[in-house]
Amino acid sequence: MSQKIRAIKGMEDLFEEQSVKIWQRVESEARCLFEAAGFQEIRTPIVEETALFERGVGETTEIVEKEMYTFLDRNDKSLSLRPEGTASVVRAFIEHFTDHQVQEGRFYYIGPMFRYENPQKGRYRQFHQIGLECFGQDHPGLDAEMIFLLDQFLRCLNVHDFELKINSLGSSECRQAYLAALKEYFSEHRFQLGEEDQRRLERNPLRILDSKDPTSQTVIEGAPHLRDFLSEETQTHFLAVQEFLKNLGVPFTVDSRMVRGLDYYEKTVFEFVSTELGAQNSIAGGGRYNRLVKSLGGPVVPAVGFALGMERLTSLLSAEKLGLKNLPKVFFAALDEDSEKYFASKLPEIRQLNAMTMVDWGSTSLKSKMKRAARWGAQWVLLSGESEREKSVVVVRDMESSSQEEVPAHDMIDFLQKKFS
RNA sequence: GUGGGUGUAGCUCAGUUGGUUAGAGCACCAGGUUGUGGCCCUGGGGGCCGUGGGUUCAAGUCCCAUCACUCACCCCA
(Lines give C-alpha, C1' and ligand atoms only; values in the text may rest on other atoms or scores of the structure.)
Protein backbone atom coordinates (compact mmCIF):
# COMPACT_ATOMS: atom_id res chain seq x y z
CA MET A 1 0.00 0.00 0.00
CA SER A 2 2.47 2.60 1.14
CA GLN A 3 4.99 1.16 -1.35
CA LYS A 4 2.92 2.46 -4.21
CA ILE A 5 4.80 4.96 -6.30
CA ARG A 6 2.90 8.21 -6.48
CA ALA A 7 3.42 11.43 -8.34
CA ILE A 8 5.85 13.80 -6.67
CA LYS A 9 4.44 16.31 -4.21
CA GLY A 10 3.14 19.36 -5.96
CA MET A 11 3.18 17.74 -9.40
CA GLU A 12 -0.05 16.59 -10.93
CA ASP A 13 -1.37 14.34 -13.63
CA LEU A 14 -3.80 16.08 -15.89
CA PHE A 15 -6.13 13.59 -17.51
CA GLU A 16 -9.75 14.33 -16.90
CA GLU A 17 -11.42 14.79 -20.23
CA GLN A 18 -12.98 18.12 -19.36
CA SER A 19 -9.92 19.75 -17.90
CA VAL A 20 -7.63 18.52 -20.65
CA LYS A 21 -10.03 20.06 -23.14
CA ILE A 22 -9.89 23.33 -21.27
CA TRP A 23 -6.09 23.33 -21.34
CA GLN A 24 -6.08 22.56 -25.04
CA ARG A 25 -8.50 25.39 -25.69
CA VAL A 26 -6.45 27.88 -23.66
CA GLU A 27 -3.30 26.89 -25.50
CA SER A 28 -4.80 27.09 -28.95
CA GLU A 29 -6.42 30.42 -28.13
CA ALA A 30 -3.04 31.71 -26.96
CA ARG A 31 -1.23 30.56 -30.10
CA CYS A 32 -3.87 32.10 -32.29
CA LEU A 33 -4.01 35.45 -30.53
CA PHE A 34 -0.29 35.90 -29.93
CA GLU A 35 0.78 34.79 -33.36
CA ALA A 36 -1.66 37.26 -34.83
CA ALA A 37 0.17 39.91 -32.80
CA GLY A 38 3.49 38.96 -34.38
CA PHE A 39 4.88 36.66 -31.72
CA GLN A 40 6.61 33.42 -32.64
CA GLU A 41 6.73 30.37 -30.44
CA ILE A 42 10.01 29.49 -28.79
CA ARG A 43 10.68 26.23 -26.99
CA THR A 44 13.72 26.37 -24.79
CA PRO A 45 15.17 23.54 -22.71
CA ILE A 46 13.65 22.92 -19.32
CA VAL A 47 17.14 22.56 -17.83
CA GLU A 48 19.72 25.34 -17.92
CA GLU A 49 22.97 26.16 -16.23
CA THR A 50 22.21 27.25 -12.70
CA ALA A 51 24.19 30.43 -13.28
CA LEU A 52 21.66 31.61 -15.84
CA PHE A 53 18.94 31.85 -13.25
CA GLU A 54 21.23 33.21 -10.56
CA ARG A 55 22.25 36.05 -12.80
CA GLY A 56 18.93 36.40 -14.59
CA VAL A 57 16.33 36.12 -11.89
CA GLY A 58 18.57 37.60 -9.20
CA GLU A 59 20.63 36.03 -6.46
CA THR A 60 18.70 37.63 -3.65
CA THR A 61 15.29 36.53 -4.82
CA GLU A 62 13.36 33.86 -2.94
CA ILE A 63 13.21 31.83 -6.12
CA VAL A 64 16.96 31.49 -6.48
CA GLU A 65 17.77 31.39 -2.80
CA LYS A 66 15.57 28.49 -1.83
CA GLU A 67 13.13 27.39 -4.48
CA MET A 68 15.21 25.99 -7.31
CA TYR A 69 15.52 22.37 -8.29
CA THR A 70 19.31 22.34 -8.60
CA PHE A 71 21.51 19.30 -9.15
CA LEU A 72 24.90 18.28 -10.49
CA ASP A 73 25.08 16.41 -13.75
CA ARG A 74 27.61 13.63 -14.36
CA ASN A 75 30.31 16.16 -15.08
CA ASP A 76 29.66 18.02 -11.84
CA LYS A 77 28.12 20.92 -13.69
CA SER A 78 25.39 22.67 -11.74
CA LEU A 79 22.09 22.59 -13.58
CA SER A 80 18.62 23.75 -12.60
CA LEU A 81 15.08 23.15 -13.73
CA ARG A 82 13.77 26.46 -14.92
CA PRO A 83 11.83 28.32 -12.22
CA GLU A 84 10.49 30.83 -14.75
CA GLY A 85 10.67 31.45 -18.46
CA THR A 86 12.21 34.83 -19.09
CA ALA A 87 15.84 34.00 -18.33
CA SER A 88 15.85 31.12 -20.80
CA VAL A 89 14.23 33.14 -23.55
CA VAL A 90 16.71 35.95 -23.04
CA ARG A 91 19.56 33.45 -23.20
CA ALA A 92 18.17 32.04 -26.44
CA PHE A 93 17.61 35.51 -27.83
CA ILE A 94 21.22 36.45 -27.16
CA GLU A 95 22.42 33.18 -28.64
CA HIS A 96 20.46 33.33 -31.88
CA PHE A 97 19.19 36.82 -32.60
CA THR A 98 21.61 39.49 -31.49
CA ASP A 99 23.98 39.22 -34.42
CA HIS A 100 21.21 40.44 -36.67
CA GLN A 101 21.17 43.96 -37.97
CA VAL A 102 17.97 44.63 -36.10
CA GLN A 103 18.10 43.33 -32.57
CA GLU A 104 14.52 42.63 -31.83
CA GLY A 105 12.11 39.78 -31.55
CA ARG A 106 8.74 38.75 -30.23
CA PHE A 107 8.39 35.36 -28.60
CA TYR A 108 5.85 33.35 -26.70
CA TYR A 109 6.29 30.11 -24.85
CA ILE A 110 4.06 27.55 -23.18
CA GLY A 111 5.44 25.04 -20.76
CA PRO A 112 6.22 23.78 -17.28
CA MET A 113 8.21 25.62 -14.60
CA PHE A 114 9.54 24.21 -11.36
CA ARG A 115 9.84 25.68 -7.90
CA TYR A 116 10.51 23.81 -4.69
CA GLU A 117 7.85 25.36 -2.50
CA ASN A 118 5.21 23.92 -0.24
CA PRO A 119 2.17 23.40 -2.41
CA GLN A 120 -1.21 24.89 -1.67
CA LYS A 121 -4.28 25.92 -3.60
CA GLY A 122 -3.09 27.51 -6.83
CA ARG A 123 0.56 26.76 -6.15
CA TYR A 124 2.45 23.74 -7.41
CA ARG A 125 6.03 22.56 -7.69
CA GLN A 126 5.53 21.92 -11.34
CA PHE A 127 3.26 24.56 -12.78
CA HIS A 128 2.69 25.84 -16.27
CA GLN A 129 3.03 29.23 -17.78
CA ILE A 130 2.21 30.97 -20.99
CA GLY A 131 4.67 33.79 -21.42
CA LEU A 132 5.37 36.59 -23.84
CA GLU A 133 8.66 38.44 -24.30
CA CYS A 134 9.18 41.36 -26.60
CA PHE A 135 12.70 42.62 -27.32
CA GLY A 136 13.92 45.78 -28.96
CA GLN A 137 11.86 48.75 -27.91
CA ASP A 138 11.56 50.95 -24.87
CA HIS A 139 8.28 52.57 -25.70
CA PRO A 140 5.27 53.08 -23.43
CA GLY A 141 2.99 52.05 -26.27
CA LEU A 142 4.58 48.62 -26.24
CA ASP A 143 4.07 48.25 -22.50
CA ALA A 144 0.43 49.07 -23.04
CA GLU A 145 0.19 46.72 -25.99
CA MET A 146 1.49 43.82 -23.90
CA ILE A 147 -1.03 44.55 -21.17
CA PHE A 148 -3.76 44.94 -23.74
CA LEU A 149 -2.90 41.56 -25.26
CA LEU A 150 -3.13 39.89 -21.89
CA ASP A 151 -6.40 41.62 -21.13
CA GLN A 152 -7.78 40.58 -24.49
CA PHE A 153 -6.63 37.02 -23.96
CA LEU A 154 -8.45 36.72 -20.66
CA ARG A 155 -11.60 38.25 -22.09
CA CYS A 156 -11.68 35.98 -25.10
CA LEU A 157 -11.72 33.09 -22.63
CA ASN A 158 -14.68 34.67 -20.90
CA VAL A 159 -12.75 35.65 -17.81
CA HIS A 160 -13.93 38.97 -16.44
CA ASP A 161 -13.55 38.91 -12.68
CA PHE A 162 -10.07 40.30 -12.40
CA GLU A 163 -8.28 43.53 -11.67
CA LEU A 164 -5.28 44.97 -13.38
CA LYS A 165 -2.75 46.69 -11.16
CA ILE A 166 0.14 48.63 -12.59
CA ASN A 167 3.05 50.50 -11.14
CA SER A 168 6.39 51.94 -12.15
CA LEU A 169 9.55 50.86 -10.42
CA GLY A 170 11.56 53.59 -12.10
CA SER A 171 14.81 53.09 -13.94
CA SER A 172 17.70 51.49 -12.09
CA GLU A 173 18.98 54.94 -11.11
CA CYS A 174 15.67 56.07 -9.64
CA ARG A 175 15.38 52.78 -7.87
CA GLN A 176 18.82 53.14 -6.34
CA ALA A 177 17.93 56.53 -4.90
CA TYR A 178 14.59 55.27 -3.69
CA LEU A 179 16.12 52.17 -2.13
CA ALA A 180 18.53 54.30 -0.16
CA ALA A 181 15.74 56.51 1.11
CA LEU A 182 13.62 53.51 1.95
CA LYS A 183 16.43 51.82 3.81
CA GLU A 184 17.07 54.93 5.81
CA TYR A 185 13.41 55.34 6.68
CA PHE A 186 12.89 51.73 7.72
CA SER A 187 16.13 51.69 9.70
CA GLU A 188 14.87 54.60 11.73
CA HIS A 189 11.68 52.71 12.48
CA ARG A 190 13.12 49.24 12.51
CA PHE A 191 11.73 48.22 15.90
CA GLN A 192 8.19 48.99 14.83
CA LEU A 193 8.52 46.45 12.05
CA GLY A 194 7.55 42.80 12.22
CA GLU A 195 10.27 40.24 12.74
CA GLU A 196 10.33 38.98 9.17
CA ASP A 197 10.32 42.53 7.84
CA GLN A 198 13.33 43.46 9.97
CA ARG A 199 15.25 40.70 8.26
CA ARG A 200 14.12 41.90 4.86
CA LEU A 201 15.54 45.31 5.66
CA GLU A 202 19.04 43.97 5.02
CA ARG A 203 18.34 41.97 1.92
CA ASN A 204 15.49 43.52 0.03
CA PRO A 205 13.76 46.48 1.66
CA LEU A 206 11.45 46.87 -1.33
CA ARG A 207 9.66 43.74 -0.28
CA ILE A 208 8.63 45.27 3.04
CA LEU A 209 6.21 47.44 1.11
CA ASP A 210 3.81 44.66 0.27
CA SER A 211 4.22 42.91 3.59
CA LYS A 212 0.96 41.73 5.15
CA ASP A 213 2.34 41.75 8.68
CA PRO A 214 -0.07 43.97 10.65
CA THR A 215 2.62 45.24 13.03
CA SER A 216 4.48 46.78 10.12
CA GLN A 217 1.52 48.52 8.56
CA THR A 218 1.71 51.92 10.23
CA VAL A 219 5.38 52.24 9.41
CA ILE A 220 4.73 51.19 5.84
CA GLU A 221 2.02 53.78 5.42
CA GLY A 222 4.46 56.51 6.31
CA ALA A 223 7.17 55.20 4.01
CA PRO A 224 8.43 57.34 1.17
CA HIS A 225 6.69 56.74 -2.13
CA LEU A 226 8.50 55.46 -5.13
CA ARG A 227 6.61 57.84 -7.39
CA ASP A 228 8.37 60.77 -5.72
CA PHE A 229 11.69 59.37 -6.87
CA LEU A 230 10.83 58.71 -10.47
CA SER A 231 12.99 60.61 -12.91
CA GLU A 232 11.22 62.81 -15.38
CA GLU A 233 11.84 60.29 -18.11
CA THR A 234 10.33 57.32 -16.27
CA GLN A 235 7.56 59.53 -14.97
CA THR A 236 6.47 60.53 -18.45
CA HIS A 237 6.92 56.95 -19.62
CA PHE A 238 4.57 55.72 -16.93
CA LEU A 239 2.02 58.44 -17.61
CA ALA A 240 2.14 57.59 -21.28
CA VAL A 241 1.49 53.92 -20.52
CA GLN A 242 -1.59 54.94 -18.59
CA GLU A 243 -2.68 57.17 -21.43
CA PHE A 244 -2.34 54.34 -23.94
CA LEU A 245 -4.25 51.99 -21.68
CA LYS A 246 -7.10 54.45 -21.40
CA ASN A 247 -7.23 54.80 -25.15
CA LEU A 248 -7.29 51.04 -25.49
CA GLY A 249 -10.13 50.84 -23.02
CA VAL A 250 -8.23 48.67 -20.56
CA PRO A 251 -9.29 49.46 -16.99
CA PHE A 252 -6.51 49.55 -14.40
CA THR A 253 -5.57 50.88 -11.01
CA VAL A 254 -2.18 52.24 -10.03
CA ASP A 255 -0.84 50.40 -7.03
CA SER A 256 2.18 52.36 -5.90
CA ARG A 257 3.14 49.71 -3.36
CA MET A 258 3.29 46.84 -5.80
CA VAL A 259 6.74 45.35 -6.21
CA ARG A 260 7.48 42.18 -8.05
CA GLY A 261 9.60 39.29 -6.89
CA LEU A 262 12.09 39.22 -9.69
CA ASP A 263 15.08 41.51 -9.68
CA TYR A 264 15.17 42.34 -13.34
CA TYR A 265 12.06 44.48 -13.55
CA GLU A 266 12.22 48.22 -13.94
CA LYS A 267 9.86 50.92 -15.09
CA THR A 268 6.44 49.43 -15.84
CA VAL A 269 5.27 46.42 -13.86
CA PHE A 270 1.79 44.94 -13.82
CA GLU A 271 -0.26 42.17 -12.33
CA PHE A 272 -3.64 40.63 -13.10
CA VAL A 273 -5.34 39.58 -9.89
CA SER A 274 -8.40 37.40 -9.81
CA THR A 275 -11.19 38.33 -7.45
CA GLU A 276 -12.37 34.73 -7.14
CA LEU A 277 -9.31 32.66 -6.31
CA GLY A 278 -7.87 31.73 -2.94
CA ALA A 279 -4.73 33.15 -1.40
CA GLN A 280 -2.78 32.59 -4.61
CA ASN A 281 -4.83 34.97 -6.66
CA SER A 282 -2.36 36.41 -9.11
CA ILE A 283 -3.07 34.95 -12.52
CA ALA A 284 -0.50 36.83 -14.54
CA GLY A 285 2.26 39.30 -14.02
CA GLY A 286 5.04 41.00 -15.85
CA GLY A 287 6.91 44.13 -16.60
CA ARG A 288 9.74 45.81 -18.37
CA TYR A 289 13.33 44.61 -18.10
CA ASN A 290 15.65 46.87 -20.02
CA ARG A 291 18.92 45.72 -18.49
CA LEU A 292 18.55 41.98 -18.44
CA VAL A 293 19.79 41.21 -21.94
CA LYS A 294 22.96 43.16 -21.24
CA SER A 295 23.54 41.64 -17.85
CA LEU A 296 23.29 38.16 -19.34
CA GLY A 297 26.03 39.01 -21.78
CA GLY A 298 24.11 40.46 -24.71
CA PRO A 299 23.94 43.93 -26.16
CA VAL A 300 21.76 46.66 -24.72
CA VAL A 301 18.29 45.64 -25.80
CA PRO A 302 15.23 46.83 -23.92
CA ALA A 303 12.44 44.34 -23.37
CA VAL A 304 9.09 43.76 -21.77
CA GLY A 305 7.23 40.56 -20.97
CA PHE A 306 4.78 38.71 -18.82
CA ALA A 307 3.84 35.24 -17.68
CA LEU A 308 0.46 33.76 -17.00
CA GLY A 309 -0.24 30.83 -14.68
CA MET A 310 -2.12 28.05 -16.46
CA GLU A 311 -3.37 26.34 -13.31
CA ARG A 312 -4.72 29.58 -11.92
CA LEU A 313 -6.32 30.57 -15.19
CA THR A 314 -7.93 27.21 -15.89
CA SER A 315 -9.36 27.03 -12.40
CA LEU A 316 -11.46 30.03 -13.38
CA LEU A 317 -12.73 28.31 -16.51
CA SER A 318 -15.35 25.68 -17.10
CA ALA A 319 -16.27 23.66 -20.16
CA GLU A 320 -19.72 25.23 -20.17
CA LYS A 321 -18.45 28.79 -19.96
CA LEU A 322 -16.12 28.11 -22.86
CA GLY A 323 -18.89 26.46 -24.81
CA LEU A 324 -16.82 23.34 -25.37
CA LYS A 325 -18.62 20.68 -27.30
CA ASN A 326 -17.77 17.02 -27.37
CA LEU A 327 -17.84 15.05 -30.57
CA PRO A 328 -20.57 12.43 -30.75
CA LYS A 329 -19.38 9.05 -29.52
CA VAL A 330 -19.91 5.97 -31.65
CA PHE A 331 -19.31 2.50 -30.31
CA PHE A 332 -18.80 -0.49 -32.62
CA ALA A 333 -19.81 -3.79 -31.03
CA ALA A 334 -18.91 -6.93 -32.92
CA LEU A 335 -20.49 -10.11 -31.65
CA ASP A 336 -18.59 -12.62 -33.71
CA GLU A 337 -15.28 -12.94 -35.51
CA ASP A 338 -16.78 -12.27 -38.87
CA SER A 339 -18.25 -8.95 -37.67
CA GLU A 340 -14.97 -8.10 -36.00
CA LYS A 341 -13.19 -8.54 -39.32
CA TYR A 342 -15.82 -6.48 -41.03
CA PHE A 343 -15.41 -3.54 -38.63
CA ALA A 344 -11.64 -3.89 -38.86
CA SER A 345 -11.81 -3.56 -42.63
CA LYS A 346 -13.84 -0.36 -42.19
CA LEU A 347 -11.45 1.23 -39.67
CA PRO A 348 -9.89 3.70 -42.12
CA GLU A 349 -13.30 5.07 -43.02
CA ILE A 350 -14.55 4.92 -39.46
CA ARG A 351 -11.68 7.14 -38.38
CA GLN A 352 -12.63 9.68 -41.03
CA LEU A 353 -15.96 10.29 -39.36
CA ASN A 354 -16.48 13.55 -37.55
CA ALA A 355 -16.99 11.64 -34.33
CA MET A 356 -15.18 9.86 -31.55
CA THR A 357 -15.17 6.19 -32.43
CA MET A 358 -14.33 3.08 -30.49
CA VAL A 359 -14.28 -0.49 -31.67
CA ASP A 360 -14.85 -3.01 -28.93
CA TRP A 361 -12.70 -6.02 -29.62
CA GLY A 362 -13.22 -9.46 -28.16
CA SER A 363 -16.13 -11.74 -27.83
CA THR A 364 -17.76 -10.83 -24.57
CA SER A 365 -21.49 -10.93 -24.22
CA LEU A 366 -23.63 -8.33 -25.90
CA LYS A 367 -24.82 -7.27 -22.50
CA SER A 368 -21.36 -6.42 -21.30
CA LYS A 369 -20.60 -4.66 -24.57
CA MET A 370 -23.69 -2.51 -24.13
CA LYS A 371 -22.61 -1.74 -20.61
CA ARG A 372 -19.21 -0.67 -21.79
CA ALA A 373 -20.78 1.49 -24.46
CA ALA A 374 -23.04 3.19 -21.94
CA ARG A 375 -20.23 3.73 -19.45
CA TRP A 376 -18.10 5.31 -22.15
CA GLY A 377 -20.98 7.66 -22.89
CA ALA A 378 -21.74 6.48 -26.42
CA GLN A 379 -24.61 8.17 -28.19
CA TRP A 380 -24.63 5.53 -30.90
CA VAL A 381 -23.86 1.83 -30.89
CA LEU A 382 -23.30 -0.15 -34.09
CA LEU A 383 -24.08 -3.78 -33.67
CA SER A 384 -23.13 -6.66 -35.85
CA GLY A 385 -23.45 -10.39 -35.20
CA GLU A 386 -24.19 -13.56 -37.04
CA SER A 387 -27.67 -12.66 -38.20
CA GLU A 388 -26.57 -9.17 -39.35
CA ARG A 389 -23.74 -10.66 -41.37
CA GLU A 390 -26.14 -13.05 -43.03
CA LYS A 391 -28.42 -10.18 -44.03
CA SER A 392 -25.47 -7.83 -44.77
CA VAL A 393 -26.78 -5.17 -42.42
CA VAL A 394 -25.64 -3.46 -39.23
CA VAL A 395 -27.86 -2.41 -36.38
CA VAL A 396 -27.58 1.26 -35.50
CA ARG A 397 -28.80 1.99 -32.01
CA ASP A 398 -29.57 5.42 -30.62
CA MET A 399 -28.64 5.10 -26.97
CA GLU A 400 -30.67 8.04 -25.80
CA SER A 401 -33.99 7.04 -27.30
CA SER A 402 -33.26 3.29 -27.19
CA SER A 403 -34.48 2.95 -30.73
CA GLN A 404 -32.58 1.06 -33.37
CA GLU A 405 -32.75 0.32 -37.05
CA GLU A 406 -31.06 -1.90 -39.57
CA VAL A 407 -28.85 -0.24 -42.13
CA PRO A 408 -27.39 -2.03 -45.16
CA ALA A 409 -23.73 -2.69 -44.43
CA HIS A 410 -22.49 -0.97 -47.58
CA ASP A 411 -24.41 2.18 -46.51
CA MET A 412 -23.02 2.23 -42.99
CA ILE A 413 -20.34 4.85 -43.52
CA ASP A 414 -22.58 7.10 -45.61
CA PHE A 415 -25.29 6.80 -43.04
CA LEU A 416 -22.96 7.84 -40.23
CA GLN A 417 -21.35 10.56 -42.24
CA LYS A 418 -24.74 12.20 -42.77
CA LYS A 419 -25.48 11.99 -39.07
CA PHE A 420 -22.26 13.76 -38.04
CA SER A 421 -21.67 16.24 -40.82
C1' G B 1 11.23 26.37 6.29
C1' U B 2 6.65 27.32 9.86
C1' G B 3 1.50 26.53 11.55
C1' G B 4 -3.69 24.38 11.31
C1' G B 5 -6.99 20.44 9.42
C1' U B 6 -7.63 15.41 7.56
C1' G B 7 -6.05 9.96 6.84
C1' U B 8 -11.57 3.71 7.75
C1' A B 9 -13.63 -0.47 0.78
C1' G B 10 -12.19 2.02 -6.02
C1' C B 11 -15.05 6.98 -4.46
C1' U B 12 -17.95 9.94 -0.55
C1' C B 13 -18.20 9.10 4.40
C1' A B 14 -20.62 6.67 9.38
C1' G B 15 -18.39 4.08 13.47
C1' U B 16 -21.40 5.90 20.80
C1' U B 17 -17.76 6.95 27.58
C1' G B 18 -12.16 2.04 24.42
C1' G B 19 -15.92 -3.79 24.40
C1' U B 20 -17.44 -9.54 20.53
C1' U B 21 -17.04 -11.01 13.46
C1' A B 22 -15.75 -2.86 11.06
C1' G B 23 -20.68 -0.50 8.34
C1' A B 24 -23.71 2.54 4.59
C1' G B 25 -24.39 4.91 -0.13
C1' C B 26 -22.31 5.09 -4.89
C1' A B 27 -19.18 2.23 -8.19
C1' C B 28 -17.78 -2.83 -9.73
C1' C B 29 -19.05 -8.23 -10.90
C1' A B 30 -22.85 -12.13 -11.55
C1' G B 31 -27.90 -13.65 -12.04
C1' G B 32 -33.22 -12.38 -12.92
C1' U B 33 -33.39 -11.34 -19.22
C1' U B 34 -29.37 -17.83 -23.94
C1' G B 35 -28.42 -11.03 -28.79
C1' U B 36 -29.30 -5.29 -25.95
C1' G B 37 -27.01 -0.29 -21.59
C1' G B 38 -29.73 3.09 -17.99
C1' C B 39 -34.61 1.68 -14.03
C1' C B 40 -35.98 -2.39 -10.63
C1' C B 41 -35.06 -7.05 -7.71
C1' U B 42 -31.51 -10.86 -5.76
C1' G B 43 -26.71 -12.28 -4.69
C1' G B 44 -21.24 -11.49 -4.74
C1' G B 45 -16.15 -9.68 -4.48
C1' G B 46 -13.50 -6.43 -2.12
C1' G B 47 -10.38 -3.39 4.39
C1' C B 48 -2.95 -4.59 7.98
C1' C B 49 -8.95 1.33 9.91
C1' G B 50 -1.88 5.72 6.43
C1' U B 51 2.69 3.48 8.94
C1' G B 52 5.60 2.34 13.47
C1' G B 53 5.67 2.23 18.63
C1' G B 54 3.16 2.82 23.55
C1' U B 55 -1.01 2.49 27.39
C1' U B 56 -4.78 -1.46 28.36
C1' C B 57 -7.64 -7.75 29.92
C1' A B 58 -9.17 -5.26 25.28
C1' A B 59 -7.41 0.21 20.48
C1' G B 60 -10.51 2.16 14.19
C1' U B 61 -11.39 4.85 19.01
C1' C B 62 -6.52 7.12 23.99
C1' C B 63 -0.93 8.78 23.88
C1' C B 64 3.79 9.53 21.11
C1' A B 65 6.41 9.49 16.64
C1' U B 66 6.45 9.31 11.45
C1' C B 67 4.57 9.66 6.46
C1' A B 68 0.95 11.36 3.03
C1' C B 69 -2.83 14.71 1.53
C1' U B 70 -4.82 19.57 2.20
C1' C B 71 -5.33 24.78 3.59
C1' A B 72 -2.60 28.89 5.22
C1' C B 73 2.09 31.79 6.35
C1' C B 74 6.23 32.98 3.37
C1' C B 75 6.72 33.77 -1.88
C1' C B 76 4.76 33.94 -6.61
C1' A B 77 2.10 32.14 -11.95
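First the proteins, then the strands, lettered A, B, ... as listed; each starts at 1.
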Going by heavy atoms in the side chains, are Tyr289(A) and Val90(A) under 4.5 Å from each other? yes
Please check: side-chain N/O of Arg115(A) versus main-chain N/O of Glu84(A), any donor-acceptor pairing under 3.5 Å?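 Such a contact is absent between Arg115(A) side chain and Glu84(A) backbone.
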Minimum heavy-atom distance between Phe34(A) and Leu149(A), given as atom pair plus value: CD2-CD2, 4.1 Å
Check RNA chain B against residues 378-390 of chain A and give the residues with a non-hydrogen atom under 4.0 Å, in numerical order. Leu383(A), Gly385(A), Glu386(A), Ser387(A), Glu388(A)
Pair [X], [Y]: side-chain N/O donor-acceptor within cut-off below 3.5 Å:
X         : Y         : value
Glu163(A) : Thr275(A) : no
Glu35(A)  : Tyr108(A) : yes
Thr60(A)  : Asp263(A) : yes
Ser295(A) : Arg55(A)  : no
Thr86(A)  : Tyr264(A) : yes

Listed pairs, N/O of protein and of nucleotides 26-32 of chain B, under 3.5 Å:
{"residue": "C29(B)", "atom": "OP1", "partner": "Arg375(A)", "partner atom": "NH2", "Å": "3.2"}

For nucleotides [N] and [M], find the distance between their [atom1] atoms and express it as a whole number of Å.
N      : M      : atom1 : answer
U16(B) : G23(B) : P     : 14 Å
C64(B) : G46(B) : C1'   : 33 Å
C48(B) : G52(B) : P     : 11 Å
G50(B) : G15(B) : P     : 15 Å
A59(B) : U51(B) : P     : 15 Å
U2(B)  : C74(B) : C1'   : 9 Å
A22(B) : A58(B) : C1'   : 16 Å
C49(B) : C41(B) : P     : 33 Å

Please report the distance, rounded to the nearest Å, between CD in Glu117(A) and C1' in C74(B). 9 Å
Could you please name the option among G37(B), G35(B), G1(B) that lies closest to any side-chain atom of Leu366(A)? G35(B)
Could you check which of U36(B), A77(B), G37(B) has an atom nearest any side-chain atom of Gln404(A)?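 Selected nucleotide: U36(B).
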Between atom NZ of Lys329(A) and atom CG of Asn326(A), what is the distance when rounded to the nearest 0.5 Å?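 Nearest 0.5 Å value for the NZ-CG distance: 6.5 Å.
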Parallel, tilted or perpendicular: which one describes the rings of Phe135(A) and Phe93(A), with boundaries at 30° and 60°?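 Parallel, since the angle between the ring planes stays under 30°.
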Are more than 12 heavy atoms from other residues, nucleotides or ligands located less than 6.0 Å from atom NZ of Lys121(A)? no
For [X], report the nucleic acid contact type (base, sugar-phosphate, nothing); a contact means any heavy atom under 4.0 Å.
X         : result
Glu311(A) : nothing
Gln126(A) : nothing
Arg372(A) : nothing
Ala373(A) : nothing

Paired stretches of RNA chain B - 3 or more consecutive Watson-Crick or G-U pairs, each distance under 3.5 Å: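 If one scans RNA chain B for consecutive Watson-Crick or G-U pairs, the stems found are B:1-7 with B:67-73, B:10-13 with B:23-26, B:28-32 with B:40-44, B:50-54 with B:62-66.
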For nucleotides 69-71 of chain B, give me every protein contact, N/O to N/O, under 3.5 Å, one pair per line with atom names.
{"residue": "C69(B)", "atom": "OP2", "partner": "Lys9(A)", "partner atom": "NZ", "Å": "3.3"}
{"residue": "C71(B)", "atom": "OP2", "partner": "Lys121(A)", "partner atom": "N", "Å": "3.2"}

When you measure from the centre of the six-membered ring of Phe53(A), is the NZ or CZ of Arg82(A) closer than 6.0 Å and no more than 45° off the axis?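 Ring-cation test returns no.
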Give each protein N/O atom lying under 3.5 Å from an N/O atom of nucleotides 43-46 of chain B, with the pair distance.
none

Mind checking side-chain contact (heavy atoms from CB on, under 4.5 Å) for Ser168(A) and listing every partner two or more places apart, or none if nothing turns up?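 Checked Ser168(A) against side-chain contact (heavy atoms from CB on, under 4.5 Å); matches are Leu230(A), Phe238(A).
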